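Working notes, beginning with the structure itself.
These numbers come from a predicted model, not from an experiment. Quick note on labels: first sequence line is chain A, next is B, and so on, each numbered from 1. When reading the values below, keep in mind they use all heavy atoms of this one structure, side chains included, and skip hydrogens, waters and symmetry mates.
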Number of protein chains: 2
Amino acid sequence: MASACGCDHDPATWASRVKDACLRQGAQLTPLRRRVLDIFSGSAAPLGAYAILEELSRREGKQVAPPTVYRTLDFFLEHGFLHKIESLNAYAPCEHLDHAHHGMLLICESCGCSEEIEDAGVTRAIADSAADAGFALRRVMVEAQGLCRKCARDRLSASAAAVA
Amino acid sequence: MASACGCDHDPATWASRVKDACLRQGAQLTPLRRRVLDIFSGSAAPLGAYAILEELSRREGKQVAPPTVYRTLDFFLEHGFLHKIESLNAYAPCEHLDHAHHGMLLICESCGCSEEIEDAGVTRAIADSAADAGFALRRVMVEAQGLCRKCARDRLSASAAAVA
DNA sequence: CGCCGAGTGTTATGTTATAACAATGCGGCG
DNA sequence: CGCCGCATTGTTATAACATAACACTCGGCG
């Protein structure tokens, strides 16, 4: 499914890439997990655990309990298929399944979509800075809030129209 | 009070710097806020809202309700005296009161203490990277988990002892 | 006085996450 | 087949984090 916000990510290919990765790694992609995968595929924006819970309940036609969802999320997180966005308490597809990711997350405050970019310069700068402090890095999170390309453009043209 | 973890930050001078900043800015440092300040002064590690709540209740000798604590935290956050650490749901003193801070937080998984460092290289790399993506930054959060200098050293000497 | 606004108190509730234990399903193996 | 062991899922309850809504106090000021 195409992204609703006009950003250029594609959750649908993500789902199929996750399926491949499960096969390669021998990880079980059970019906439950597949359904959760589908739910992420249909959403351009990060999803909260309880949003997934509700959608899952709706699709299954019966009430699903929180641990079911959190266990499924844990599975995807452990395999590196999903990221947890701490500043939103939400979860989003990892767009770089293949390699270790110290990606930077750009979260649009207007359309709610998130984009994950990898930047060697950022990674290196953080590693250098931590090394200077004598700190042994294990996990790094970079989350930025702001306006994505499209929303920034829209806002500009809106204010231009207001001036005219 | 000295830091319990051996790291080289000093929450006590932080409290007095906050007091100065309140005077300069005309912000009211009420008894409640002062008590919360004292609680942070006595702790080397970030504090959760409910930890503050319990400590506050203990010191006041009567039960304090969550909104009281959260409002106080909001006051400090808005004035830039505290940071919220999203990955811990906890709050820590801002060690750079004077200037806008896009600091990077180093959180030790062993002793729990956190250190805030400012690094122009990191800031610049993130700004450049976001600009490349056409993303208008508004707020950036960098949180790293790992081992602080002291804990990394301790771990090293422990494993050396194990080998011997 | 009478009003206002900042701060705090109080009650209730919303949101996010986990603990603990039971049940199911499936493959291997005697 | 019957049993075991393991991964997964179901179920119940509760913990942990956060906010909404409204009441009350108190000091400043016309």
Below the 4.0 Å mark, does [N] have OP1 or OP2 next to a side-chain nitrogen or oxygen of [X]?
X       : N      : answer
B:Tyr91 : D:dA18 : yes
B:Arg33 : C:dT8  : yes
A:Thr30 : D:dT8  : no
B:Thr68 : C:dG9  : yes
B:Gln28 : C:dA6  : no
B:Tyr70 : D:dA18 : yes

### Query
Does B:Arg149 count as lying over the ring of A:Phe135, i.e. NZ or CZ under 6.0 Å from the six-ring centre, within 45 degrees of the axis?
no

### Query
Can A:Arg33 be said to sit on top of A:Phe75's aromatic six-ring, NZ or CZ under 6.0 Å from centre and within 45° of the ring axis?
yes

### Task
Pick base, sugar-phosphate or nothing for A:Phe75, based on heavy-atom distances below 4.0 Å to the nucleic acid.
nothing

### Message
Of the listed nucleotides (C:dT8, D:dT11, C:dG9), which one gets closest to any side-chain atom of A:Pro67?
### Response
D:dT11

### Task
Side chain of B:Ala65 only, please: which of C:dT16, D:dA18, C:dT11 is the nearest?
C:dT11

### Message
If the threshold is 4.0 Å, N to carboxylate O, is there a salt bridge linking B:Asp154 and B:Lys150?
### Response
yes

